[in-house]
Protein chains: 2
Amino acid sequence: MLKHGILGLLNYGDMTGYEIRTVFKDSLNHFWQAQTSQIYRELQALEKNGWITSSHVEQKGKPDKNIHSITDEGRKELVRWLKEEDEQGTIRNYILMRTFFRGECSIAENIEYFKTLPEKEKVFPDGQSDAVQATGDYQKMIDDPLKALYWKFTIDFGIMYEKMIKEWCDNCVHELEALTSEASDT
Amino acid sequence: MLKHGILGLLNYGDMTGYEIRTVFKDSLNHFWQAQTSQIYRELQALEKNGWITSSHVEQKGKPDKNIHSITDEGRKELVRWLKEEDEQGTIRNYILMRTFFRGECSIAENIEYFKTLPEKEKVFPDGQSDAVQATGDYQKMIDDPLKALYWKFTIDFGIMYEKMIKEWCDNCVHELEALTSEASDT
DNA sequence: TGGGTCATGTAACCTGTTACATGATTAG
DNA sequence: CTAATCATGTAACAGGTTACATGACCCA
């Protein structure tokens, strides 16, 4: 999956590993994170597959860099991957794993847990969500407004997800508080 | 994370690796999947850590089995993990990765993509969602209604997520269709 | 003088996936 | 007779994380 993410970025233009890391942090961070170590490893794999080529460029006053470019084979692979069926049933939700076993903690502790969770689980940490993103560096890279639309879709998703988490947590708190008031009624 | 999931299940009662796999499929499948190979591997690791003990039981007419039990150390570790801060920023969303690069496909293809996506991404495939789950085997295992409540919370999440996906896809379709009608207007 | 940016990576480890392997009993 | 259920795992590989390592330049 990361392989194809990198391939997709290189399809917009040549980049160094370092730049790829930056784009990940600036523009894909709300749905995918990648370590530098993994990026460099995947770049090697992509080159082995013939999906990208790399050229070494010497620089003055800065470290040398390796510029990576997508090949025709790579472009073919990108489109093949886009049309591939999404694999189902690979959900892996950390929050729900911890929620499932929360019976081991007290109700009061869990009310607190669900009250503070939305803040911790924010997709866009600074709360500026689309505003920040819309003025980010990524706009410079995607001149095509159509391509920028799909990028906006991913941000929409993040906003909706954040809202959903909030509603879910509120509901959990309500149900738990109902239990405690019941107990004090009797 | 899987380690602690297994620990949590063994806290409800002794189980074989096979039973753990079954519970995963029946009750945790909507937020976590685990292969048998991984379960057996993690059981070995849990035993090494002293969090569980295992005893070999011979059977007639059936293969022998290994029954795993949580230790006091294991129970301590389970609670420690529950109170641990959730690690942030490890979102990894396959759908959004593919969405991000959809500019490489035609608008018509993408409208089709977002129209069929909700069906493919269903958390509860047969559409019975809570009904099926509420009458499932898991109820037998959790006699404590309070513990069952947290399990219900995870199902609530699944239902809300499914609904959110639907709304998001509908919106994507709308925005893409608006583009095509604009084009035909001129 | 200290921290940030540019720029590269390796090594070890942990976690998850795919494929393979065995074999008896039981229900339809 | 055949498929499902019970019950165990190993091996190889793929993907992700953590820690380490280097070094110059620029700005405050």
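Just so it is clear: chains get the letters A, B, ... in the order the sequence lines come, proteins before strands, and each one is counted from 1.
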For E19(A), which contact category applies under a 4.0 Å heavy-atom criterion: base, sugar-phosphate, or nothing?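 Result for E19(A) = nothing.
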
Less than 4.0 angstrom between a side-chain N/O of [X] and OP1 or OP2 of [N], yes or no?
X	N	answer
Q35(A)	dA19(D)	no
R92(A)	dT17(C)	yes
Y40(B)	dG9(D)	no
K3(A)	dG15(D)	yes

Identify which nucleotide among dC6(C), dT15(C), dT10(D) has an atom closest to any side-chain atom of Y18(A), counting heavy atoms from C-beta outward.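 So the nucleotide nearest the side chain must be dC6(C).
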
Counting side-chain heavy atoms from CB outward, which of dT8(C), dA12(D), dT17(D) is closest to Q38(A)? dT17(D)

Just the rounded figure in Å: distance from [atom2] of [N] to [atom1] of [X].
X	N	atom1	atom2	result
K48(A)	dG15(D)	NZ	P	13 Å
F24(A)	dG15(D)	CZ	P	14 Å
Q33(A)	dT18(D)	CD	P	11 Å
F31(A)	dG16(D)	CZ	P	13 Å
E42(B)	dT17(C)	CD	P	12 Å
R21(A)	dG4(C)	CZ	C1'	11 Å
Q44(B)	dG9(D)	CD	C1'	8 Å
L43(A)	dG15(D)	CG	P	14 Å

Looking at dG16(C), does its base get a donor-acceptor pair with the side chain of R41(B) below 3.5 Å? yes

Does S37(B) make a side-chain donor-acceptor contact with the base of dT18(C), cut-off 3.5 Å?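 Such a pair exists between side chain and base.
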
Tell me which pairs pass salt bridge (Lys or Arg N to Asp or Glu O under 4.0 Å) where either residue lies in residues 97-107 of chain A, with sequence neighbours left out. R98(A)-E84(B), R98(A)-D86(B), R98(A)-E87(B), E104(A)-K147(B)

By the salt bridge (Lys or Arg N to Asp or Glu O under 4.0 Å) test, which pairs, at least two apart or in different chains, include something from residues 4-15 of chain B? none

Note: K115(A)-E112(A) ion pair, threshold 4.0 Å (strictly below): no

State, with a plain yes or no, whether a side-chain heavy atom of L9(A) is found less than 4.5 Å away from one of F101(B). yes

Sorted by chain and number, sequence neighbours left out, salt bridge (charged side-chain N to carboxylate O under 4.0 Å, His left out) with E19(B) holds for none

For F31(B), check ring-ring contact (aromatic ring centres under 6.0 Å, His included) against everything at least two apart and list the hits. F100(A)

Angle between the end axes of the helix from dT1(C)-dA28(D) to dG28(C)-dC1(D), five pairs per end, to the nearest 10 degrees? 40°

Determine, for F24(B) and R21(B), whether the Lys NZ or Arg CZ falls below 6.0 Å from the six-membered ring centre while staying within 45 degrees of the axis.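 Negative - R21(B) is either too far from the ring of F24(B) or too far off its axis.
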
Need to verify one output field. Residue with the more 5' nearest nucleotide on DNA chain D, H68(B) or A34(A)? H68(B)

Show me the side-chain donor-acceptor pairs of residues 43-52 of chain B shorter than 3.5 Å, one per line, residues at least two apart or across chains.
from	atom 1	to	atom 2	distance (Å)
E47(B)	OE1	S54(B)	OG	3.3

